[in-house]
Protein chains: 2
Amino acid sequence: MTVNVLVVEDEPAILELIAVNLEQAGLHVLRAADAEAALRFIGEALPDLVLVDWMLPGLSGIELVRRLRREERTRALPLILLTARGAEVDKVLGLEAGADDYVTKPFSPRELLARIRAVLRRRRPEVGEEVLEAGGLKLDPAARRVLAQGRVVSLGPTEFRLLQFLMAHPERVHSRGQLLDRVWGDHVFVEERTVDVHVRRLRAALEPYGLSGLIQTVRGAGYRFSVQATQEA
Amino acid sequence: MTVNVLVVEDEPAILELIAVNLEQAGLHVLRAADAEAALRFIGEALPDLVLVDWMLPGLSGIELVRRLRREERTRALPLILLTARGAEVDKVLGLEAGADDYVTKPFSPRELLARIRAVLRRRRPEVGEEVLEAGGLKLDPAARRVLAQGRVVSLGPTEFRLLQFLMAHPERVHSRGQLLDRVWGDHVFVEERTVDVHVRRLRAALEPYGLSGLIQTVRGAGYRFSVQATQEA
DNA sequence: GATTTTTGTCACGAAACCGTCACCATTTCG
DNA sequence: CGAAATGGTGACGGTTTCGTGACAAAAATC
């Protein structure tokens with residue numbers, strides 16, 4: 001899960017300083033020297049977060065923030081403003097314009113990273129929060145807990161996500177490729193057979209509770225979560 | 001220090017009337033036409049006070065109040081409800097939902113301002129005044145005291161707040177990031193692993209009283225306060 | 001101002017988890 | 001029937017994650 005951060009800063013030295021720090025922390029850094037370039041970048045692909053310097057040639061940082069907040073597509077884009085000194089006015093203006101946070105220069109790399117993390121996690125996902133219940137199984141995403149016949153089932157993170165996806169799309173065959181995309185993520189490179197192993201682990205975890213046959217193999221196609229029995233005689 | 005007031009009102013004329021009055025009194029006014037917009041505003045930056053109209057399109061004012069009171073972050077946010085006429089039912093409902101005060105339309109600017117000042121003066125002491133009790137534990141925020149099986153447990157301030165938050169939101173996994181935001185505060189920058197250490201200290205403090213397993217680790221996700229046992233088989 | 005408590009960070013080790021492979025059983029099809 | 005394809009299964013090394021004890025800085029207390 002790489003995080004893309006767009007840094008908008010006209011001073012090359014500072015830009016590189018920031019970029020190196022962020023990249024050391026495992027973030028992927030996109031660079032823009034002014035607001036126009038930033039807008040072009042964002043127009044092509046939405047980054048996960050934008051770091052904007054307050055003072056920019058041409059369109060100022062605060063104007064950039066306002067522009068981004070006006071557009072529907074970029075309204076929820078996390079923004080952090082870099083303000084020069086402890087100019088209180090700027091901070092207030094910046095936050096009012098719609099920035100999620102501000103960092104005053106000079107700043108420590110740690111502070112910057114901490115703020116970035118804070119802003120990134122503040123976005124509330126709220127997707128897939130509903131409790132799934134089927135065939136004697138109850139999966140609660142908020143509690144990250146699975147109950148089989150009312151008893152707690154211990155699952156690893158991947159098995160949990162796999163079961164969650166299968167239960168969310170029951171009575172439907174999913175190919176190994178689809179499962180890799182939806183459960184592991186589109187960008188990961190793992191063998192398709194890995195899915196088999198996780199299915200096996202999932203089955204093994206459910207089997208002690210008398211729940212077998214819920215996850216069915218469809219030869220040549222993939223796997224399916226089904227409450228209905230598959231008796232074909 | 002300027003006071004930010006968020007006014008939630010769908011009638012543009014009334015909204016402007018209120019806004020002009022408040023701004024003349026030196027307050028800074030943020031405007032929202034409905035509850036959804038208000039939630040977005042509040043999500044970005046907490047105002048000092050929120051003025052909510054009772055009648056709103058979509059999510060009603062009272063629903064907005066309830067939502068805000070449910071969330072830990074906005075629990076202490078001062079709220080004033082604008083009710084139509086002297087409908088006694090509405091007043092009671094509004095106050096029960098968690099509003100700090102109500103103002104009936106039509107109102108004089110002086111009255112509104114007076115109420116605002118009054119509410120701001122007696123700002124809520126702290127989040128969560130209620131006594132929490134679960135799994136042999138009893139946490140009293142007012143007394144800042146925790147009882148385990150009736151005996152006093154000695155906890156540091158941070159451990160206390162951590163336990164309070166966990167007990168206030170039980171049976172739910174909280175990531176280290178969320179815990180940092182809500183126990184330490186959004187603008188505190190500490191390592192995520194610090195949460196681990198405090199959880200350990202909390203566990204160590206509870207363990208002498210035979211209370212273990214209350215704070216559970218969910219690998220790859222975070223921690224959970226749960227009364228249900230995790231023992232399988 | 002000195003002592004005690006609290007707090008954040010780190011290093012280390014244990015445990016859990018993951019991806020891959022080899023091997024075997026079963027099915028499919030020439 | 002035999003070969004190829006497909007999926008189940010157990011095991012193994014590498015990585016990630018978490019618990020734990022120690023330590024120094026900061027804060028509170030006396």
Would you kindly compare A:Glu191 and B:Arg201 by the position of their nearest DNA chain C nucleotide and give the one closer to the 5′ end? B:Arg201
Of B:Ala221 and A:Val199, the one whose closest nucleotide on DNA chain D sits nearer the 5' end is A:Val199
Between B:Arg176 and D:dT17, is there a side-chain N or O to OP1/OP2 distance below 4.0 Å? no
Whole-Å gap separating C1' (C:dA16) and CD (B:Gln216): 17 Å
To the nearest 0.5 Å, what is the distance between CD (A:Glu63) and CH2 (A:Trp54)? 10.0 Å
Here the distance between atom C1' of C:dT7 and atom CD of B:Glu159, to the nearest Å, is 9 Å
Minimum-distance nucleotide (side-chain atoms of A:Pro157 versus D:dA22, D:dG7, C:dC17): C:dC17
Salt bridge check, B:Glu171 against A:Arg145: does any charged N sit closer than 4.0 Å to a carboxylate O? yes
Measuring from atom CG of A:Leu166 to atom CG of A:Leu202, what distance do you get when rounded to the nearest 0.5 angstrom? 7.0 Å
Quickly work out the A:Leu180 CG to C:dG19 C1' distance and round it to whole Å. 11 Å
Scan B:Thr194 against the nucleic acid and name what it touches under 4.0 Å (heavy atoms): base, sugar-phosphate only, or nothing. base
Please state whether the phosphate of D:dG7, meaning OP1 or OP2, lies under 4.0 angstrom from any side-chain nitrogen or oxygen of A:Thr217. no
Distance, rounded to the nearest Å, where B:Glu192 contributes CD and D:dT16 contributes P: 16 Å
Choose from C:dC18, C:dT20, D:dG7 the nucleotide whose nearest atom is closest to any side-chain atom of A:Val190. C:dT20
Rounded to whole Å, CZ of B:Arg200 lies from P of C:dA14 at a distance of 17 Å
Of the nucleotides D:dG19, D:dA22, C:dG19, which one has an atom closest to the side chain of A:His198? C:dG19
Would you mind reporting whether B:Arg172 and B:Ser226 have side-chain heavy atoms less than 4.5 Å apart? no
With distance as the sole criterion, do the side chain of B:Arg193 and the base of D:dG19 form a donor-acceptor contact below 3.5 Å? yes
Looking only at the side chain of A:Asp196 (C-beta and beyond, no hydrogens), which of the listed nucleotides C:dC18, D:dG7, C:dT7 gets closest? D:dG7
Checking side-chain polar atoms at under 3.5 Å, does A:Ser60 have a donor or acceptor matched by the opposite partner on A:Arg66? no
Given C:dC17, D:dG19, C:dG8, the nucleotide with the shortest approach to the side chain of B:Tyr223: D:dG19
Side chain of A:Trp184: nearest nucleotide among D:dG19, C:dG19, D:dT9? C:dG19
How many Å lie between CG on A:Leu179 and P on C:dC18, as a whole number? 15 Å
Measure from the side-chain heavy atoms of A:Arg219 and tell me the nearest of C:dC21, D:dA11, C:dT27. C:dT27
Value in whole Å for how far the C1' atom of C:dC18 lies from CG of A:Leu155: 15 Å
Minimum-distance nucleotide (side-chain atoms of B:Val197 versus D:dG21, C:dT20, C:dT7): D:dG21
Are any of the side-chain nitrogens in B:Arg176 or B:Asp196 under 4.0 Å away from the carboxylate oxygens of its partner? yes
Whole angstrom is fine here: how far is it from CG in A:Leu202 over to C1' in D:dG8? 15 Å
